[in-house]
Q: 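Following this message is one structure expressed as structure tokens.
By convention in this document, chain letters (A, B, ...) are assigned in the order of the sequence lines, proteins followed by strands, and residues within each chain are numbered from 1.
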Amino acid sequence: MYDLKALRENLDPIRTVLGRRGNDVPWDDLRKLSEERRTHTMQVEQLRQELNKGSEEVARLRRAKEPADEAMAAMKRLGDRIKDAEGTLRNAEEALSDVTLRIPNLPHASVPVGSDASENVEVRRWGTIPSFSTPPKPHWDIGEGLGILDFDRAAKIAGARFSVMTGAGARLERALINFMLDTHTTQHGYREVVPPLMVNRPSMTGTGQLPKFEEDLFRLKDEDYFLIPTAEVPLTNLHREETLSGDRLPLRYTAYTPCFRREAGSYGKDTRGLIRLHQFNKVELVSFTTPDRSYEELERLTGHAEMILQSLELPYRVVALCTGDMGFSSAKTYDLEVWLPSQQQYREISSCSNFEAFQARRAGIKYRSSSGGKKDAKSDFVHTLNGSGLAVGRTLVAILENFQQPDGSVEIPSVLRPYMGGLERIEKE
RNA sequence: GGAGAGGUGGCCGAGUGGCCGAAGGCAGCGGUUUGCUAAACCGCCGUAGGGACAAAAUCUCUACCGAGGGUUCAAAUCCCUCCCUCUCCGCCA
């Protein structure tokens, strides 16, 4: 969301910079709606001022034991006019916020311009792509062969796009979660959180999932709760409607949570395996910073996610998303893509974004610099960032595929072995 | 699920129809005093949205006492609905 004043005064430049991102925004209405809100505000405030003065006059007359009936009658008529004017104003405000809440964030100047994923820019690569004497198998074949993945039973108990992991597969998932959380809390300075997996509407609006993307979310039938599509939502909303003290920033949080996504509109994509599910596990990183340090923080946070891939010895690359491929709320995004031998391509395993003040403005997250209530210590919106550190299921996929052996077994990366009770290799039981 | 209590500024806490954006205290900031610290004393000390000004400073208006409605010339205060917190009972992992 934007500062209304800034939006009104810079409508055309903003529209230009957004380009294709803002295609579906009714820009011409916006100008009109914003003007309407302003004139109706003035109207209501002026009427209220009259009413306040009139009421004081009534009070004065009654104290002086003078007749006030006429003044009271006049004020009653004024009150009716105010009610009308307020109704008009409320409509104008709703119409305006309806539009402004659907305007995507402005891309940062360093974001490559482009219309879709093909114009993303590779920033760097890490690791060596493994070579295989026979064609590498996809992870679903490996997992079912080892008896650690069971998609048939997942379909029976839930449906398509769900998974069941058993035995060493389930333990590997848990090992990854623990390894990621331990690394981020002890090496990277994040505070671990166990948040709610269901959140209310204001929280979803605060981080930008609502109002525009409701069809992507699972919603409870009888309560106005939504299943979180990412821990970004509860973690960022931890400080909704709060003013943080500047010397406590940056605040860094990490959480492991299941994530729930409708995946509406993704029919036919990644229908097999663990890549695209209605429910998956993810370890998330969230950071609140001052505006002057948020891009530095984006690099750092991205590095924290990269550290996990490096520790697991998984080859990956970092991609800067172009303007056309970025998410709605983001000002700049790096995707981490891990190498999948069966597909002979890099696939997204983490997405690290700086939202600047976009979410903070929606969610009312501010900070006050330095100490004290001095006049120069004005409050301002924080910048929020988040990144996957990492998507656990996709990490498991990458391990199965990159560490598969000719005999069908899978070697376990050495950093995970302590988490696997010393197990070095997953073999058919 | 049933019964009750309560939600007021950064915190505590007064306030049952007008003189209340809100007493008082604490914390914070500035100052006086002081060899230094402490104490004492004085002053300042909420947020948001408009308007005036070229702009800043400033001035001014409006709104906000959990949220939304209602009554009234006038609501923190009266009424209704909802949300949240706490206590007791029931149920439950």
Side-chain angles (χ1 to χ4, degrees), chain A residues 1-10 30-31 33-97 99-101 194-206 210 220 222-226 234 237-249 251 258 357 360-382:
Chain A
M1 195 172 69
Y2 292 80
D3 176 50
L4 277 180
K5 204 181 219 168
L7 188 62
R8 193 171 71 227
E9 286 163 7
N10 302 299
L30 186 61
R31 195 183 306 274
L33 289 170
S34 144
E35 262 326 300
E36 275 175 15
R37 188 195 68 101
R38 202 157 69 108
T39 52
H40 290 133
T41 301
M42 284 192 272
Q43 168 108 49
V44 165
E45 291 191 351
Q46 195 208 325
L47 290 173
R48 294 210 73 98
Q49 189 182 353
E50 263 181 67
L51 183 81
N52 289 342
K53 289 211 172 108
S55 294
E56 279 166 37
E57 176 65 8
V58 169
R60 194 190 62 75
L61 288 171
R62 301 190 68 151
R63 265 198 305 276
K65 299 265 198 297
E66 287 175 37
D69 291 0
E70 201 177 307
M72 282 165 64
M75 286 307 106
K76 180 152 185 68
R77 287 193 299 276
L78 186 61
D80 292 338
R81 284 177 61 200
I82 289 177
K83 223 160 268 180
D84 282 353
E86 281 176 341
T88 315
L89 175 61
R90 198 176 317 124
N91 289 340
E93 279 176 339
E94 271 171 28
L96 182 64
S97 71
V99 173
T100 54
L101 283 173
V194 178
L197 305 181
M198 291 179 238
V199 301
N200 56 28
R201 192 170 281 273
S203 292
M204 283 294 186
T205 308
L210 292 179
L220 297 213
D222 295 319
E223 309 265 355
D224 204 20
Y225 290 142
F226 298 87
N237 279 285
L238 230 35
H239 294 300
R240 176 154 54 86
E241 308 298 339
E242 287 184 23
T243 300
L244 309 165
S245 71
D247 41 20
R248 282 178 59 213
L249 299 176
L251 282 171
R361 197 171 280 116
R362 289 173 160 245
I365 310 170
K366 301 183 155 186
Y367 75 101
R368 201 183 297 281
S369 54
S370 72
S371 53
K374 298 251 295 179
K375 277 206 170 144
D376 54 337
K378 280 295 285 182
S379 65
D380 193 11
F381 292 108
V382 300

Q: Tell me, with the steps shown, if Arg8(A) and Arg38(A) meet side chain to side chain contact (heavy atoms under 4.5 Å, CB included).
A: CA-CA 10 Å; Arg8(A) 193 171 71 227; Arg38(A) 202 157 69 108; 3.4 Å; yes
Q: Work out how far the C1' atom of rG7(B) is from that of rA67(B), and round it to whole angstrom.
A: 12 Å
Q: Which nucleotides of nucleotides 78-83 of chain B have their base under 4.0 Å from a protein heavy atom (B), which only their sugar-phosphate (S), and which neither (-), written as one string 5' to 3'?
A: ------
Q: Using the C1' atom on both, measure rG46(B) against rC29(B) and round to a whole Å.
A: 15 Å
Q: Applying the Watson-Crick and G-U wobble criteria at under 3.5 Å, what pairs with rA57(B)? Answer none if nothing qualifies.
A: none
Q: Taking atom C1' in both rC19(B) and rA75(B), compute the distance separating them and give it to the nearest angstrom.
A: 15 Å
Q: Would you mind reading off the distance between Glu57(A) atom CD and rC19(B) atom C1', rounded to a whole angstrom?
A: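 Atom-to-atom, Glu57(A) to rC19(B), this comes out as 15 Å.
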Q: If we call it a pair only when both distances are under 3.5 Å in a Watson-Crick or G-U wobble match, what pairs with rG90(B)?
A: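 Base partner found: none.
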Q: Any side-chain N or O of Asn52(A) under 4.0 Å from OP1/OP2 of rA74(B)?
A: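 For Asn52(A), the contact criterion (side-chain N or O under 4.0 Å from OP1 or OP2 of rA74(B)) is not met.
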Q: If the condition is side chain to side chain donor-acceptor pair (under 3.5 Å), which residues does Arg63(A) pass it with, not counting sequence neighbours?
A: none
Q: Take Leu7(A) and Leu30(A), measure what side chain to side chain contact (heavy atoms under 4.5 Å, CB included) needs, and give me the verdict at the end.
A: CA-CA 9 Å; Leu7(A) 188 62; Leu30(A) 186 61; 4.1 Å; yes
Q: So Arg60(A), base contact, sugar-phosphate only, or nothing? Heavy-atom distance under 4.0 Å.
A: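 Nothing, no nucleic acid heavy atom in range.
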Q: Quantified in whole Å, what is the P atom distance between nucleotide rG90(B) and nucleotide rA3(B)?
A: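 My reading of the P atoms in rG90(B) and rA3(B) gives 15 Å.
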Q: Between rC61(B) and rU8(B), how many Å separate the two C1' atoms, rounded to a whole number?
A: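 Going atom to atom, C1' in each nucleotide, I get 24 Å.
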Q: Check nucleotides 68-71 of chain B for protein N or O atoms closer than 3.5 Å to its own N or O atoms and list the pairs.
A:
{"unit_1": "rU71(B)", "atom_1": "OP2", "unit_2": "Lys83(A)", "atom_2": "NZ", "d": "3.3"}

Q: Can you see which heavy atom on Arg240(A) is nearest to which on Ala363(A), and at what distance?
A: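 Taking every non-hydrogen atom into account, CG-O, 3.1 Å.
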Q: Can we say Lys53(A) and Glu50(A) salt-bridge, meaning some charged N sits less than 4.0 Å from an Asp/Glu carboxylate O?
A: no
Q: List in chain and number order the residues that pass salt bridge (Lys or Arg N to Asp or Glu O under 4.0 Å) with Glu93(A), two or more places apart in sequence or in another chain; answer none if no residue qualifies.
A: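 Salt bridge (Lys or Arg N to Asp or Glu O under 4.0 Å) check on Glu93(A) returns nothing, list empty.
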Q: Does any residue of residues 33-44 of chain A have a heavy atom under 4.0 Å from RNA chain B, and if so, which ones, in number order?
A: Arg37(A), Arg38(A), Met42(A)
Q: Using only modelled atom types and a 3.5 angstrom limit, is any donor from either the side chain of Glu56(A) or the base of rG18(B) paired with an acceptor on the other?
A: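 Answer is no: no donor-acceptor pair is held.
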Q: How far does the C1' atom of rC78(B) sit from the matching atom of rG15(B), given to the nearest Å?
A: 15 Å
Q: Stepwise, does the side chain to side chain contact (heavy atoms under 4.5 Å, CB included) test hold for Gln43(A) with Thr88(A)?
A: CA-CA 10 Å; Gln43(A) 168 108 49; Thr88(A) 315; over 6 Å; no
Q: Would you measure the distance from the C1' atom in rG70(B) across to the matching atom in rU87(B) and give it in whole Å?
A: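 So the two C1' atoms sit 31 Å from each other.
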Q: Touch check for Met72(A), heavy atoms < 4.0 angstrom, all strands: base, sugar-phosphate only, or nothing?
A: base
Q: Below 4.0 angstrom from OP1 or OP2 of rA63(B), is there any side-chain N or O of Arg48(A)?
A: yes
Q: Is there a side-chain polar atom (N or O) of Arg361(A) under 4.0 Å from OP1 or OP2 of rA48(B)?
A: no
Q: Say we look at rC65(B) and rU77(B): how far apart would their P atoms be, to the nearest angstrom?
A: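 To the nearest whole Å, 8 Å.
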Q: Please name all residues satisfying side-chain contact (heavy atoms from CB on, under 4.5 Å) with Asp84(A), sequence neighbours left out, ordered by chain then number.
A: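 None.
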